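Throughout, protein chains are lettered first and strands after them, A, B, ... in sequence-line order, and every chain is numbered starting at 1. Keep in mind the model is a prediction, meaning the values are calculated, not measured. Worth knowing before you read on, the calculation uses all heavy atoms, side chains too, and leaves out hydrogens, waters and symmetry mates.
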Amino acid sequence: MTSVPLVSVFSADDSTKVTAKHIPLPAVFQTPIRPDIVSFVHTNIAKNRRQAHAVNPQAGMQHSAESWGTGRAVARIPRVSGSGTHRSGQAAFGNQCRKGRMSLPIKVWRRWHRRVNIKQKRHAAATAVAATGIVPLVLARGHRISQVPQIPLVVEDKIESYEKTTDALNFLKRFGAFEDVQKVVSTKVVRAGISKQRGKKYRVRKGPLVVYFNENAKLLKAFRNVPGVEVVNVTRLNLLQLAPGGQLGRFVIWTQSAFAHLDKLFGTYRYASVLKDGYQLLRPLLTNPDLARIINSNQVQEKVQPAKTTKVLHEVQKKNPLKNTKAMDRLNPYAKKQRAAATAAIKANTKGTKKIKKNKALKKASRAAFNKVSAALNDATKAAVQEEQDIKVKYFSVQKGAAQAE
Amino acid sequence: MQIDEVVWQVINRGHCSFKIKTISQNFCRNEYNVTGLCSKQSCPLANSQYATIKEEKGLCYLYVKTAERAQKPKELWEKILLSKNYEQALAQIDEQLKYWSNFMIHKNKQRLTKLRQMLIRIRKMRLKGFKELIPIKKKAERRDKIREQKALVAANLENAIEQELIDRLKNGVYNEIMNYNTKAFEKVVGQNQVEDEEEREQQEQEEEEEDYSDEELIFDPNDLEEDDEEDQEEDDDEDDKRLFKKQTFNQLRRDDDELKDVKKKKPRVKLQYEEEEEVEDRKKQQIAF
């Protein structure tokens with residue numbers, strides 16, 4: 001970006017009033033967006049809060065079990081020694097056994113924490129901050145910011161002296177941030193799984209993050225009880241809060257002094273950071289990431305060679321020329337004319353022959369003749385049928401007579 | 001423009017809260033999406049220059065978003081009311097989105113058409129009325145049906161009707177000649193025989209009815225008045241009437257034995273009482289010893 005975008009600072013009491021106009025955006029907000037760095041750093045940093053736990057080292061092993069060896073028609077797994085109980089002779093020790101110890105039991109000396117290079121951590125934090133200034137990313141993360149007057153939202157330092165939660169709530173309502181809080185409230189769910197018995201009963205969404213600067217600020221207590229809202233000092237910006245779940249674009253509310261402090265924290269592209277010793281903001285690979293625009297720009301198009309047309313060696317699918325006229329025409333251009341000539345010839349040959357007109361008289365005569373013939377046929381068939389019946393009757397009567405006689 | 005590419009990469013590859021993935025297609029839940037599908041061209045987040053049509057209370061509005069207002073979510077969408085005339089609305093879209101990409105213009109026009117069709121259908125349905133489908137709630141239906149049956153049984157309709165008719169009969173509603181069921185008639189009579197002395201009048205009224213034979217059972221309200229004088233009649237009269245009843249309604253009446261027993265029972269009780277007293281006295285005498 002050539003021109004530095006400007007930001008307005010809003011009055012805490014009135015969201016329409018602007019106390020300071022056109023403050024330049026700190027350079028952090030122009031850091032290239034690197035979701036890969038953020039993702040990597042987040043997954044590792046998230047492990048640092050873990051507490052060591054382990055399985056009882058003796059679990060499943062408190063037997064003097066020994067394998068019976070071969071020749072006893074049982075599997076070779078160690079079996080519980082002794083007698084007089086169900087348990088004796090049962091399999092033990094193996095991870096596959098009932099009441100056996102787990103495979104690779106968890107040890108306390110598991111490597112719980114991960115160290116990440118400081119530079120990476122700083123780059124991740126810078127990117128996360130930059131992402132908080134991009135509206136689509138904040139929206140995509142799921143925050144309800146459609147009524148917020150400006151992103152990044154910078155408010156005068158007055159809010160740092162808020163003591164009452166009502167003040168905090170009213171402030172959020174004024175700046176359209178309350179919708180996000182409402183989302184948090186309405187989507188509070190009882191957690192699935194055992195953790196609810198371990199102190200994590202509810203799954204609560206993340207709402208706005210309020211960033212302040214002065215250490216004496218009382219707003220921590222004011223915002224503490226508002227669901228979803230987190231409060232943090234600029235000097236202690238946490239990636240786990242800026243990009244919860246490794247997802248860029250938390251909705252952040254900055255106080256004026258906190259906002260101003262960002263330049264000192266992260267430095268600019270001109271000057272290295274003051275507070276992060278020797279840290280220089282990440283430089284982008286492409287100053288203009290809009291590839292499509294670059295490619296279609298005049299400067300590039302001028303130099304570009306004309307597109308090569310691919311030479312078609314053969315059809316994708318072979319068409320039979322004997323059946324497919326177009327394929328035939330491609331091979332033999334004269335085929336078209338030949339066909340035309342053939343059809344013309346056929347037509348010429350058939351020119352002399354008259355079309356048989358339907359002669360009504362002829363029709364009548366023919367019909368009469370037909371009727372005559374069919375009548376004769378009918379009579380004949382009738383006669384035949386009758387004859388057959390007579391024979392049948394005679395036959396059966398003869399039979400009857402014969403039967404009667406008998 | 002600059003950020004769009006980056007945003008699309010992040011959203012598409014990463015997570016977008018508006019994206020809905022199905023087996024065949026990806027959809028976009030964002031309310032400003034023109035097509036409803038998830039693609040780079042139609043993503044309202046990944047395009048700083050975007051336009052949609054939205055419908056509000058039967059009117060279509062063109063919502064336009066430009067890069068200039070990208071940092072101000074509240075003022076992001078410019079709302080332009082489109083003409084109610086379809087062709088004029090299309091012309092408006094052309095005018096507002098002049099020099100925009102063909103895709104955007106085309107999709108907006110398509111969306112406008114679709115919304116207008118929907119509105120037409122809504123209006124038609126409102127005028128013509130439509131069949132509202134109400135689901136049948138099996139459980140509720142089953143429950144109500146059974147309760148209806150129970151209520152029917154509990155209501156004792158027949159009894160209620162019977163009582164009503166009897167009351168009417170008593171009140172003299174049916175002054176004309178009526179042919180009625182002898183069994184029912186007897187029931188009415190039977191009821192009255194068990195009643196208290198207080199309602200003797202009614203009793204005797206019905207007793208009057210007894211006197212009539214099977215064939216001609218005529219109820220004459222005038223006859224009722226005659227019996228008022230006979231208030232203090234004793235059991236004797238009742239006995240006579242019972243006998244009479246026996247003779248006339250032989251087939252239908254209860255067992256003769258029952259009535260005989262009823263007669264006998266009364267004196268028996270007295271005797272027993274006396275016996276008990278005697279016994280007690282004897283006992284007392286014994287104790288004295």
Problem - Aromatic ring proximity B:Y63/B:Y32, centre distance under 6.0 Å - result: yes

Completion exercise
Under 4.5 Å to a heavy atom of chain B? For A:P289 that would be both

Exercise for the section: Give, for atom CZ of B:R69 and atom OG1 of B:T66, the distance between the pair rounded to the nearest 0.5 Å. Expected result: 3.5 Å

Practice task
Would you mind telling me which of A:L137, A:V7, A:L139, A:V138 has the largest number of heavy-atom pairs within less than 4.5 Å of chain B?
Solution key: A:L139

Completion exercise
Of the listed A:G245, A:G246, A:P149, A:A140, the one with the largest count of heavy-atom pairs under 4.5 Å with chain B is A:A140

Practice task
Output yes when B:D144 and B:R147 qualify as a salt bridge under the 4.0 Å nitrogen-oxygen rule, no when they do not.
Solution key: no

Fill in the blank from the handout: Nearest heavy-atom contact between A:E156 and A:A12 is OE2-N, 2.9 Å

Problem - Between B:K72, B:E75, B:Q71, the one whose heavy-atom pairs under 4.5 Å with chain A are most numerous - result: B:Q71

Practice task
Using the six-membered ring wherever Trp is involved, compare the ring planes of A:H123 and A:Y279 and label them parallel, tilted or perpendicular (cut-offs 30° and 60°).
Solution key: tilted

Problem - Portion of A:Q150 that has a non-hydrogen atom of chain B nearer than 4.5 angstrom - result: both

Exercise for the section: Go through the atoms of A:I134 and report whether side chain, backbone, both or neither lie under 4.5 Å from a heavy atom of chain B. Expected result: side chain

